[in-house]
Amino acid sequence: MRDSLIFTLALSLFLFSGPSQAELTIEVVSGIDQQTRIAVVPFEWKGSGLSPTEFDQIISNDLQLSGLFEVIAPRNMLSFPSPDTDVNFRDWRILDADYLLVGSAEVVAGRLVSEVQLYDVLSGRQVMARRITAGPQDGRDISHRISDLAYEEITGISGIAESRILYVTDFLNANGERRYRLMLADQDGAREQLVIESAEPIMSPAWSPNGEDIAYVSFETGRAAIFMQSLSTGVREQLTSFVGINGAPAFSPDGTKVALVLSKDGNPEIYVLNLATGDFSRITDHFSIDTEPNWTPDGQGLVFTSDRGGRPQIYEIDLQTGRIARLTFRGDYNARPRLSADGRFLVMVHRNEGVYHIAVQDLTDDTLIIVTQTQLDESPTISPNGALVMYATKLNGNSILAAVSLDAGVKYNLPATSSSEVREPAWSPN
Amino acid sequence: MKAKLNLLLAGTFAVMLAACSSTSTMDTADSSTEDASARDTAPVVVGTGNDTSVDSMAMPADQKIIGGSSVSNGGTMVAIADATLYFGFDLSTLSPQTRAALTRVAAALRTTTGDIRVEGHADERGTREYNIALAERRAKTAADFLVLQGVSSSRIETISYGEERPAANGTGERVWSQNRRVEIK
């Protein structure tokens, strides 16, 4: 008989100092048919040396990611106007440009200052002029802001270039031990930062509507537990540590409550935790699996996965009356629901002939569209403007993140450049 | 089956907090002042073990547990019989081979004292939290069988890892069948 010591948590002292090199890179798979053509002229840099930020490239990338824009390459441009020079609109009509964005940047009193102007090429009118300032290292923030301003001006929809994503990765370290990380990055995968690292699984990241606090499941204690953490300070608290499952946290729309799953009374049930009082209210009471709660936009109900009908399907419960209604009827596996901010679209994992896809159900007429063609698609999360769904899928055997518009017209992948498995994206609320 | 003694130490865990305070503001000239500049994130690294540098770090005072009980002070469990049981796709029912294996585990446990962990796992298909629930159902089915065979339920802890700790990496039925399992430790 041999004694062996098993440490449920391996020692880890690992610190990330500041932003690291981006692990995710973007590849656009398809955009809509009638894309708006925009020219983003390389910004005039008025400072000494080289520009600290390639403003036009970041903006071009943001606009292309939306799937709504075709960006005209600088090598095809006939002139390079700046905010200080006149625009010759013939140069841009020849290129079939619908819009023209020109900009400049300089450092003034220690601040990065960018002037930007947007022109409607056909009418020859200036439709937007802005001056944006930020810290000297914040050129990427300025670029994302300009992208969102231009996107909103042209489409009437708020942009998502300034939004961020949480996601989980795992990898084998030099000793062959699996490590789990919760990461935070810009929506385009840039400026990746470590949120937490552990030798034990990390799951189910969720954002508070304040965009500052998050919750997630960590097995670091040797068991499942839900933690809540401030992104800016790193201060965190353990919300649950019950026997059995502690899973699937979801903040209410007003941020005062967290819906979650506990199996302490025998099988998985949905509870709501009041963050101010620490009180738990049991929401479901059924011998089947009830899990993956997500709030209705008005905070009055929850959608969730249950196999109470024999197979996993999506149900909705009214928190006032306790009334439960089944929402999905197509297919024998529908799970992990997410509702769009207007409550109209139900996004979920849908199994079709044994293959797991992301599907969107229009709750006004219950039509269902399968929006992905890959396999093992899971963990859908909706962009703050409601236009895109990010999810995890497999590419060449590796788990990667990808995004698709709710109408399936726009698609892009964020393949990891390292050997990490990347999964469970959670899109920030703004 | 070879009986084996495993000593499981749920070690202390420590939390490192690193507060970042770098903030900067960004203004858009023709609108009210906006603050949307680079937001820094303070990473948290969790670890445990016998390293004194970790033991010396106390749990920060601002970390508190709201519901349930803390396990951060550790505990000791002694397991007597190791076994791995396999399950069909989307199933938590016990096959005849699985019942036979569990019967042997129960017999070994009746001759000894000490606690065991019954860990449920799932393959990668399906959603992650649903797989946590499915794998817990597997673990509880195995635990219930042991109790029927005369093992005290107070000696058994069930825990579900869902698809988060695969025994085999990759995709396809060969891999999946190895990952739909319950491990008794």
Side-chain angles (χ1 to χ4, degrees), chain A residues 1 3-16 130-135 138 141-142 145 162 184 193-198 201 203-204 220-223 231 233-242 245 247-248 263 268 278 280 289 291-292 305 312 335-336 349 356 376 378 397, chain B residues 3-11 13 15 17-20 24-30 36-49 51 53-54 62-72 124-130 132-134 136-137 158-161 164-165 170-171:
Chain A
M1 204 173 276
D3 290 3
S4 65
L5 294 178
I6 300 170
F7 294 104
T8 55
L9 294 169
L11 169 67
S12 167
L13 290 175
F14 196 90
L15 274 180
F16 262 30
R130 295 289 180 113
R131 182 169 185 269
I132 300 164
T133 66
D138 298 334
D141 293 282
I142 289 182
R145 171 62 54 85
E162 295 170 279
L184 173 71
Q193 289 174 278
L194 177 68
V195 177
I196 184 169
E197 174 168 337
S198 174
M203 292 179 69
S204 304
E220 69 199 51
T221 63
R223 297 160 180 85
L231 285 177
T233 66
V235 172
R236 64 179 195 156
E237 58 186 339
Q238 190 171 340
L239 296 182
T240 69
S241 174
F242 292 102
I245 294 170
S263 64
F280 290 85
I289 292 170
T291 187
E292 300 172 335
T305 310
R336 200 185 183 279
V349 174
Y356 296 83
L376 296 167
E378 63 178 15
Chain B
K4 197 160 92 176
L5 184 72
N6 280 344
L7 185 65
L8 185 83
L9 295 177
F13 74 94
V15 182
L17 301 175
C20 298
S24 50
T25 55
M26 179 156 65
D27 313 314
T28 305
D30 59 350
S37 224
R39 293 155 288 197
D40 287 328
T41 300
V44 173
V45 178
V46 294
T48 187
D51 189 292
S53 68
V54 171
D62 48 19
Q63 173 161 337
K64 61 185 179 194
I65 296 175
I66 289 184
S69 59
S70 171
V71 293
S72 62
E124 64 177 340
R125 291 174 292 175
T127 66
R128 288 178 177 268
E129 288 283 1
Y130 189 80
I132 287 280
L134 180 62
E136 183 186 62
R137 199 182 259 173
T158 58
I159 182 167
S160 175
Y161 285 108
E164 307 305 316
R165 283 171 58 156
T171 286

Student: Can you name the closest pair of heavy atoms from A:Ala335 and B:Thr127 and give their distance?
Tutor: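 Closest pair (atom of A:Ala335, atom of B:Thr127, distance): CB-CG2, 3.6 Å.
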Student: So which part of A:Leu376 gets closer than 4.5 Å to some heavy atom of chain B, the side chain, the backbone, both or neither?
Tutor: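 Just its side chain gets close to chain B.
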Student: Hey, which of A:Gly247, A:Gly397, A:Pro312 has the most heavy atom pairs under 4.5 Å with chain B?
Tutor: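 Option with the top pair count is A:Pro312.
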Student: Which atoms of B:Ile132 are under 4.5 Å from chain A, going by heavy atoms: the side chain, the backbone, both sets, or neither?
Tutor: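 Both backbone and side chain.
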Student: Once rounded to the nearest 0.5 Å, what's the spacing between atom OG of A:Ser204 and atom CD of B:Glu164?
Tutor: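 Reported to 0.5 Å precision, the distance equals 7.5 Å.
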Student: Suppose we screen for salt bridge (charged side-chain N to carboxylate O under 4.0 Å, His left out). Which residues come up paired with A:Glu378, at least two apart in sequence or across chains?
Tutor: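 Result, salt bridge (charged side-chain N to carboxylate O under 4.0 Å, His left out) vs A:Glu378: B:Arg128.
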Student: Where is the tightest heavy-atom contact between B:Ile159 and A:Gly222, given as atom of each residue plus distance?
Tutor: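 So the minimum-distance heavy-atom pair works out to CD1-O, 3.0 Å.
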Student: I'd like to know which of A:Thr291, A:Ile289, A:Thr305 tops the heavy-atom pair count under 4.5 Å against chain B.
Tutor: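 Max contact count across the listed options: A:Ile289.
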Student: Under 4.5 Å from any heavy atom of chain A, what part of B:Thr171 do you find: side chain, backbone, both or neither?
Tutor: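 Looking at B:Thr171, just its side chain touches chain A.
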Student: Under 3.5 Å, side chain of B:Glu129 to main-chain N/O of A:Ala248, donor-acceptor pair present?
Tutor: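 Yes; judged by distance alone, with no hydrogens or angles, the pair exists.
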Student: Check A:Glu292 against B:Tyr130 and note the closest heavy-atom contact, atom names and distance.
Tutor: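 For A:Glu292 versus B:Tyr130, the nearest heavy atoms are OE2-N, 3.2 Å.
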